[in-house]
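Report on one structure; see the data block that follows.
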Amino acid sequence: MGFLGKLFNWMVVIGMILLIGRLITMAFLFLEISFTTFFKDYSLISIIILIIGAIGQQFTKPGKK
């Protein structure tokens, strides 16, 4: 489970980065400051990556048998 554990950890990290980007994009759009729409365009994908990574981490935790 070493490879899967690392994969899920990276999925959570990438999902968190995309989530933070979405929050920053939302704040800039709320303040009517022009900002990239990259994070807005890929919002569904970032949520899916974060959820799969978090669920995968729970299943690959050592000692959870």
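Here Ser46 contributes atom OG and Ile17 contributes atom CD1; the two are 11.5 Å apart, rounded to the nearest 0.5 Å. The structure places CD1 of Ile20 at 11.0 Å from CZ of Arg22, a figure rounded to the nearest 0.5 Å.
Taking Met16 as the reference, Val12, Leu19, Leu50 meet the side-chain contact (heavy atoms from CB on, under 4.5 Å) condition, with sequence neighbours excluded. Under the rule for a side-chain contact (heavy atoms from CB on, under 4.5 Å), the partners of Ile33 that lie at least two apart in sequence or sit in another chain are Phe28, Leu31.
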Decide yes or no on side chain to side chain contact (heavy atoms under 4.5 Å, CB included) for Ile52 and Phe8, but give the supporting numbers first.
CA-CA 7 Å; Ile52 291 173; Phe8 290 132; 4.2 Å; yes
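Of all heavy-atom pairs between Gly53 and Met11, the closest is CA-CB, 3.8 Å. The two residues Gly15 and Ile49 come nearest to each other via the heavy atoms N-CG2, 4.0 Å.
Two residues are said to be in side-chain contact when any heavy atoms from C-beta on lie closer than 4.5 Å; Asn9 and Val13 fail this criterion.
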